[in-house]
Asks: 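Could you have a look at this structure, given as structure tokens, before my questions?
All values derive from a computational prediction rather than experimental measurement.
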Amino acid sequence: MPAKDIFLDTVKNALIKEGWTITDDPLYLDYGGVDMYVDLGAEKLIAAEKDQEKIAVEIKSFNRPSLISEFHGALGQFLNYRLVLEDIEPERKVYLAISEDVYEAFFTLVFTQKAVEKYQIKLIIYDINQEVIKQWKN
């Protein structure tokens, strides 16, 4: 079992405030002989469609000295989870959750924006202190 991110409860509380139900903590994926754990799995009823929206959320604090190294790890996890979920649970979308501070300091750089666009990384940007989602970027 992997270590939990320091902001796991913050993101979990923020999702619950938006009406999401946490279904998995962590979301376990077993695929092709490899075990993986996404930090959270959640569902939300889409009232207009009477259907469930499902997401998997990988939370990254980016609290290490090298932001680019942490980004490399986060990108690899994001792409691996998306690859697996496309086969076993294609209705579930993968998101990378980052704090508003990290978004402003690192994800607004030209390089990072290019990578987010190129790899179609879905982002959840949250406020650490208020435990709320500030933006969803698809």
Asks: Compare every heavy atom of Lys60 with every heavy atom of Tyr126, then report the nearest pair and how far apart it is.
Replies: OH-O, 4.1 Å

Asks: Do you know which two heavy atoms are closest between Ile128 and Thr10, and how far apart they sit?
Replies: O-CG2, 3.7 Å

Asks: Which heavy-atom pair separates Leu8 from Ile59 by the least distance, and what is that distance?
Replies: CA-CD1, 3.7 Å

Asks: Which distance, rounded to the nearest 0.5 Å, do you find between the CG of Asp127 and the CD1 of Ile133?
Replies: 10.0 Å

Asks: Looking at side-chain heavy atoms only, is the closest gap between Val94 and Leu85 below 4.5 Å?
Replies: yes

Asks: Does Asp35 form a side chain to side chain contact (heavy atoms under 4.5 Å, CB included) with Leu29? I'd like the steps, not just the answer.
Replies: CA-CA 6 Å; Asp35 297 333; Leu29 305 175; over 6 Å; no

Asks: For Tyr119, give me all partners under ring pair (Phe, Tyr, Trp, His ring centres under 6.0 Å), at least two apart in sequence or on another chain.
Replies: none

Asks: Between Glu58 and Val38, what is the shortest heavy-atom contact and its length?
Replies: OE1-CA, 3.7 Å

Asks: Look only at the side chain of Arg82 and the backbone of Gln120, and say whether a donor-acceptor pair between them is shorter than 3.5 Å.
Replies: yes

Asks: Please enumerate all residues that pass side chain to side chain contact (heavy atoms under 4.5 Å, CB included) together with Glu91, with sequence neighbours excluded.
Replies: Lys54, Glu89

Asks: Would you call Leu79 and Leu75 a side-chain contact if the rule is heavy atoms closer than 4.5 Å?
Replies: yes

Asks: Distance from Glu70 atom CD to Ile98 atom CD1, nearest 0.5 Å?
Replies: 11.0 Å

Asks: Is it true that Val11 and Trp20 fall in one hydrophobic cluster, defined by side-chain heavy atoms closer than 4.5 Å?
Replies: yes

Asks: Search all heavy atoms of Ser61 against all heavy atoms of Val102 and return the closest pair with its distance.
Replies: O-CG2, 3.7 Å

Asks: Any chance you could measure Ile88, atom CD1, to Tyr31, atom OH, to the nearest 0.5 Å?
Replies: 8.0 Å

Asks: Within this structure, what is the OH-CD1 distance for the pair Tyr95 and Ile121, rounded to the nearest 0.5 Å?
Replies: 13.0 Å

Asks: Dump the intermediate steps for side chain to side chain contact (heavy atoms under 4.5 Å, CB included) on Leu27 and Leu40, then the final yes or no.
Replies: CA-CA 5 Å; Leu27 174 64; Leu40 293 173; over 6 Å; no

Asks: So, taking the atom named CD1 in Ile124 and the one named OG in Ser99, what distance separates them when rounded to the nearest 0.5 Å?
Replies: 13.0 Å

Asks: Can you confirm whether Val84 sits close enough to Met36 that some side-chain heavy atom of one is under 4.5 Å from a side-chain heavy atom of the other?
Replies: yes

Asks: Answer with yes or no whether the hydrophobic clustering places Phe78 together with Leu67; edges join I, L, V, M, F, W, Y residues whose side-chain heavy atoms lie under 4.5 Å apart.
Replies: yes

Asks: Say whether, by atom type as modelled, one donor and one acceptor occur between the side chain of Thr112 and the main chain of Thr108 under 3.5 angstrom.
Replies: no

Asks: Output the distance between atom OG1 (Thr21) and atom NZ (Lys44), rounded to the nearest 0.5 Å.
Replies: 10.0 Å

Asks: Side chain to side chain contact (heavy atoms under 4.5 Å, CB included) between Lys17 and Glu131: does it pass, once the steps are laid out?
Replies: CA-CA 9 Å; Lys17 286 179 182 176; Glu131 296 189 339; 3.9 Å; yes

Asks: Test Leu123 against Trp136 for side chain to side chain contact (heavy atoms under 4.5 Å, CB included), laying out the working first.
Replies: CA-CA 6 Å; Leu123 297 173; Trp136 293 79; over 6 Å; no

Asks: Report, as yes or no, whether the 6.0 Å neighbourhood of atom NZ on Lys93 holds more than 12 heavy atoms from other residues, nucleotides or ligands.
Replies: no

Asks: Looking only at heavy atoms, which two atoms of Ala42 and Thr23 are closest? And how far apart?
Replies: N-OG1, 3.7 Å

Asks: Is the Phe62-Phe107 ring centre distance short of 6.0 angstrom?
Replies: yes

Asks: Do Tyr103 and Ile6 share a hydrophobic cluster, counting only Ile, Leu, Val, Met, Phe, Trp and Tyr and linking them when any side-chain heavy atoms are less than 4.5 Å apart?
Replies: no

Asks: Please work out which of the three classes, parallel, tilted or perpendicular, describes the rings of Phe111 and Phe71, given edges at 30° and 60°.
Replies: perpendicular

